[in-house]
Amino acid sequence: MVSEKYAPKGIEGKWQQLWAEQNVFKADEDSHKPKYFCLCMFPYPSGNIHMGHIRNYSIGDIIARYKRMKGFNVLQPIGWDSFGLPAENAAIQRGVHPREWTLQNIAQMKVELKSMGIGYDWDREVTTCLPEYYRWEQKLFTQFFEKDLAYKKTGQVNWCPKCETVLANEQVQEGACWRCDSPVTVKNLSQWYFKITAYADQLLSGHEQLEKKWPQRVLDMQKHWIGESQGGRIQFQIEGSSEKVEIFTTRPDTLFGVTFVTIAAAHPLAAKLCQAPQSIEQLEKIKKAVALRRPDEEIKEKKGFFTGSYAIHPLTKEKIPVWVGDFVVMEYGTGAVMAVPAHDQRDFEFATTYQLPIKRVIIPEGEHSSEPLKEAYTAPGVLVASGIFSGQDNELAKGAILTELEKKKLGVSTIQYRLRDWGVSRQRFWGAPIPIVYCKNCGTVPVPEKDLPVSLPMDVIFSGKQGNPLEHHPTFSKTQCPKCQKPARRETDTMDTFVESSWYYARYTDPHCSTGPFSKAKADYWLPVDYYVGGVEHACMHLLYSRFFHKILRDWGYLSGDEPFARLLTQGMVIKDGAKMSKSKGNVVTPGSILDRFGADTARLFSLFAAPPEKDLDWNEKGVEGCHRFLQRIWRLFYQHQSSLADPMVPESEISFSEKCLILRRKTHWMIQKMTDDIESEKFNVAISAAMELVNELYGALADNEKFFSSSEAKWTLQEAMRSLLLCLAPFAPHMMEELWHELGHRTFVTTAEWPKYRPELLVESKFTLVVQVNGKVRDRVEMAKGITKDDVQKLVLAMDKIKPFIEGKTLRQFIYVPEKIANVVVG
RNA sequence: GCCUGGAUGGCGGAACUGGUAGACGCGUUGGACUCAAAAUCCAAUUCUCGCAAGGGAGUGAGAGUUCGAUUCUCUCUCCAGGCACCA
């Protein structure tokens with residue numbers, strides 16, 4: 001017997017326990033069913049589950065549960081992205097070791113997460129801060145090193161001179177240190193990089209198979225982030241020196257219009273050319289200004305100075321002055337550009353400011369203009385004053401000029417990417433140690449696999465000052481060279497936390513593997529991830545790094561396939577009162593309070609109903625109540641008709657259904673169709689509304705006649721409706737549906753039941769409503785029999801009482817009929 | 001600044017390939033039940049003019065294409081996410 005009141009508390013715990021006892025969510029590889037790997041981006045264990053998590057994991061669980069009911073062998077794992085800054089901050093502030101703080105948070109969040117009833121295979125839990133995980137990451141790092149895909153170069157970091165420590169961008173607030181408020185400076189440090197640019201072309205071409213399966217906006221963002229430009233690298237000899245300057249240009253066709261060369265202040269050549277005290281001063285000024293702004297920020301007034309040196313034009317051999325300019329950045333191309341003021345707006349502005357010559361080499365076809373330019377001419381045209389290339393179309397000249405330069409070994413045709421190599425060094429404690437040893441004799445030596453993991457020590461002092469605590473640890477950095485056994489220094493930098501999240505999805509396929517990151521057989525069975533859910537803020541970094549890792553792991557034989565995530569859903573944020581939930585705004589709603597008051601089913605239902613998944617969701621208490629009410633309405637319907645629902649069903653063929661029951665049955669099958677389609681197309685909010693409509697319809701039948709469901713045909717109709725409703729809502733509110741399913745007499749889980757099928761023949765209607773318009777404005781609606789011809793419709797429409805006044809005395813110009821939808825009378 | 005999205009009633013949102021704008025939920029109003037309240041059930045609810053019948057306007061703003069535009073094109077405004085050391 002069902003209790004009168006819907007009391008989620010008792011129900012939810014009970015079913016969660018039963019699911020766990022019977023291993024409902026345990027995934028294994030020896031199933032005859034097709035596999036389905038459903039994954040949500042794993043959480044950072046900050047301490048508490050927040051509404052964003054609830055939403056993320058509810059979305060993932062809908063898919064996982066739906067696919068299970070559709071007959072798939074589903075894997076849905078969970079883990080912890082548990083290295084990172086907050087743990088280290090907690091260590092500084094509270095004197096607790098980051099490991100302890102993190103593991104405590106995990107334990108707490110696990111309890112909260114479990115109370116949501118998400119169908120995780122908890123046996124596959126992965127925690128990235130534990131040595132059994134990061135030892136394999138360290139192994140991969142040594143492979144990056146050996147295959148020349150990890151290298152060291154100088155990189156810039158934010159530096160607080162007072163704390164003597166490196167600051168993350170987040171820790172720099174308006175140019176000052178977040179802890180001591182001192183002005184932040186830029187410091188050059190030797191850092192480790194992964195050569196992601198070597199895979200730039202594959203990361204771009206891989207988009208082909210993600211088309212239509214990933215949101216277009218994510219593909220667009222990645223495409224621009226990678227930023228492919230076709231062009232050439234051209235060498236300019238420095239006059240009276242053996243030095244050369246190599247420039248990158250997308251406009252080799254304008255080579256004859258070069259009137260100066262501009263190099264970045266950070267370019268190695270700049271320091272060499274600027275020896276005079278005055279030049280050095282100017283150079284330092286520009287360096288500082290460039291370091292403090294974003295690379296692509298527009299500069300109102302471009303600044304620069306002449307270095308005093310000249311370059312030799314590769315084809316004309318003219319003398320070209322070399323300038324330093326603040327609009328040239330070292331991060332892109334070669335850090336040097338050939339300036340063509342006549343055909344590039346930035347160069348034009350610079351030339352105007354410093355009164356440098358402007359030489360026009362492209363004119364529109366058929367023109368002979370010699371008027372001075374008011375702005376750069378960037379449209380297509382024909383080359384002039386360009387030696388043997390004069391008269392050529394400028395697009396064709398691009399290739400021709402590069403070919404000429406290639407012949408003379410002064411240039412080469414290339415593709416330049418905006419994407420930069422991935423800096424993975426962090427001067428922090430709470431990360432996976434980079435497994436490298438520096439030996440005076442042997443140089444840079446990777447730690448051999450037998451010595452891995454390089455573990456983080458427990459006896460560490462966190463002062464928040466003087467940089468990475470690992471550097472000051474008494475023994476960590478003191479080691480022996482793995483090659484010559486002589487005393488050597490261990491690398492104290494740790495890895496960017498994005499490295500852990502770049503391969504965790506693959507670890508889930510074999511989470512306890514102790515002979516490698518994972519076994520190939522298991523990875524090949526489960527990968528790719530069929531459905532990946534997470535925030536859109538990861539579009540360019542995490543999602544690009546993971547794709548890079550996947551291709552690396554493929555090339556090294558760890559797994560097969562080109563892409564890690566076959567389908568992607570980027571969900572929006574949870575906001576409250578129009579703003580992101582945050583402690584400082586005081587608008588945080590904790591999941592705990594919602595679970596206490598309404599239960600997990602309501603929380604899950606609301607987070608899917610209130611907004612489409614990809615949009616931001618405004619948390620609204622009243623809306624939560626509405627969803628709770630909806631569940632109560634189902635419960636009450638069930639409670640009030642328990643005896644009817646318990647009656648054994650006679651075969652459908654023995655019943656003749658009244659018109660009213662047929663309408664209800666149509667609604668039931670309409671709901672199944674609608675929910676199936678809407679879940680497939682990720683419109684969960686609309687799917688839920690279909691279930692609400694069916695419930696409304698059932699209540700409507702009772703409003704006309706309290707005893708409506710007492711006839712045998714109506715009982716049959718109600719049973720069909722309720723059974724369908726429980727099945728369709730099982731992924732959304734699994735605990736309650738499980739309870740009612742059990743009450744219907746089932747002794748197996750609704751969670752593992754088969755997803756219902758709708759019957760198309762029950763959806764067919766004989767009539768339709770025709771919308772009648774005059775000149776595109778709706779004037780009337782009328783019921784018509786299906787299959788009516790256009791001529792018959794026209795006759796009927798023109799004779800309609802509400803239509804006549806609008807067409808009287810006017811000429812019929814057109815009669816448009818969209819079958820079974822609309823008729824538009826066009827008069828004039 | 002650059003890249004990428006978004007904007008629909010009082011609110012969250014719906015609308016198939018260009019074809020009834022506002023499904024569903026919240027809120028509000030009215031009714032039923034009740035001694036009363038809560039809960040529940042039913043009904044109405046884009047704005048505006050009108051006693052009504054009915055008319056007019058309407059999907060961020062402005063233009064355009066079309067018999068017909070929330071949907072397609074152009075221009076603009078505002079908001080959000082990302083910008084490489086938050087994850």
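Residue numbers begin at 1 in each chain, while the letters A, B, ... track the order of the sequences.
Among the protein residues, A:Phe806 comes within range of the sugar-phosphate backbone only, with heavy atoms under 4.0 Å from sugar or phosphate atoms but none that close to a base. Using a 4.0 Å heavy-atom criterion, one finds that A:Pro86 contacts no nucleic acid atom at all. A:Gln427 comes within contact range of at least one nucleobase, with a heavy-atom separation under 4.0 Å. Residue A:Gly572 is out of contact with every strand shown, counting any heavy-atom pair closer than 4.0 Å. Counting any heavy atom pair closer than 4.0 Å across all strands shown, A:Val166 reaches a base atom. Residue A:Phe498 is in base contact, counting any heavy-atom pair closer than 4.0 Å across all strands shown. Residue A:His538 is classed as a base contact, given a heavy-atom separation below 4.0 Å to a base. Residue A:Val157 is in base contact, counting any heavy-atom pair closer than 4.0 Å across all strands shown. Contact annotation for A:Glu820: no contact, since no heavy-atom pair falls under 4.0 Å across all strands. Residue A:Trp422 is out of contact with every strand shown, counting any heavy-atom pair closer than 4.0 Å. Among the protein residues, A:Ser425 comes within range of the nucleic acid bases, having at least one heavy atom under 4.0 Å from a base atom. Residue A:Leu419 is classed as a base contact, given a heavy-atom separation below 4.0 Å to a base. Within 4.0 Å (heavy atoms only), A:Ala539 reaches no atom of the nucleic acid at all.
Which of B:C83, B:C42, B:A80 sits closest to the side chain of A:Ala703 comes down to B:C42.
A salt bridge links A:Glu765 and A:Arg666; the closest N-O separation between the charged side-chain nitrogens and carboxylate oxygens is under 4.0 Å. Under the 4.0 Å criterion applied to side-chain N and carboxylate O atoms, A:Lys767 and A:Glu783 are assigned as salt-bridge partners. Salt-bridge check for A:Lys667 with A:Glu693: passed, with a basic side-chain N closer than 4.0 Å to an acidic carboxylate O.
Classification of the A:Tyr6-A:Trp635 ring pair by plane angle, with boundaries at 30° and 60°, yields tilted.
The OH atom of A:Tyr639 sits 17 Å away from the C1' atom of B:C41 (whole-angstrom rounding). Atom CE in A:Met541 sits roughly 8 Å away from atom C1' in B:C85 (whole-Å rounding). Look at CG on A:Asp678: it is 10 Å from C1' on B:A14, rounded to the nearest Å. Rounded to whole Å, the distance from CG on A:Asn169 to C1' on B:A84 is 8 Å. Spacing between atom CH2 of A:Trp670 and atom C1' of B:C16 amounts to 14 Å, rounded to whole angstrom units. Atom P of nucleotide B:A87 and atom CD of A:Glu500 are separated by 9 Å, given to the nearest angstrom. Protein atom NZ of A:Lys5 is 10 Å distant from nucleotide atom C1' of B:U40, rounded to whole Å.
Pair assignment for B:C83 gives B:G1, based on Watson-Crick or G-U wobble hydrogen-bonding distances that are each under 3.5 Å. Nucleotide B:U20: unpaired (no Watson-Crick or G-U wobble partner with both distances less than 3.5 Å).
Figure legend: cation-pi geometry between A:Arg547 and A:Phe565 absent, as NZ or CZ is not positioned both under 6.0 Å from the six-membered ring centre and within 45° of its axis.
Between A:Tyr545 and the options A:Tyr199, A:Trp422, A:Trp503, a ring-ring contact (aromatic ring centres under 6.0 Å, His included) holds for only A:Trp422. Just one residue in the list A:Glu471, A:Lys187, A:Gln191 forms a side chain to side chain donor-acceptor pair (under 3.5 Å) with A:Gln427, and that residue is A:Gln191.
Take A:Glu621 and apply the side-chain hydrogen bond (donor to acceptor under 3.5 Å, both in side chains) test, not counting sequence neighbours, and it matches A:Arg597.
For A:Arg420, no side-chain nitrogen or oxygen approaches OP1 or OP2 of B:C83 to under 4.0 Å.
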ring-ring contact (aromatic ring centres under 6.0 Å, His included) between A:His628 and A:Phe606, worked out = CA-CA 8 Å; A:His628 193 64; A:Phe606 176 76; over 10 Å; no
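Both A:Lys683 and A:Met221 lie near RNA chain B, and the one whose nearest nucleotide falls closer to the 5' end is A:Met221. Between A:Gln814 and A:Asp421, it is A:Gln814 whose nearest contact on RNA chain B lies nearer the 5' terminus.
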5' to 3', nucleotides 19-27 of chain B under a 4.0 Å protein heavy-atom cut-off (B base, S sugar-phosphate only, - none) gives BBS-BBSSS
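Glycosidic conformation of B:G9: syn, with the torsion inside 90° of 0.
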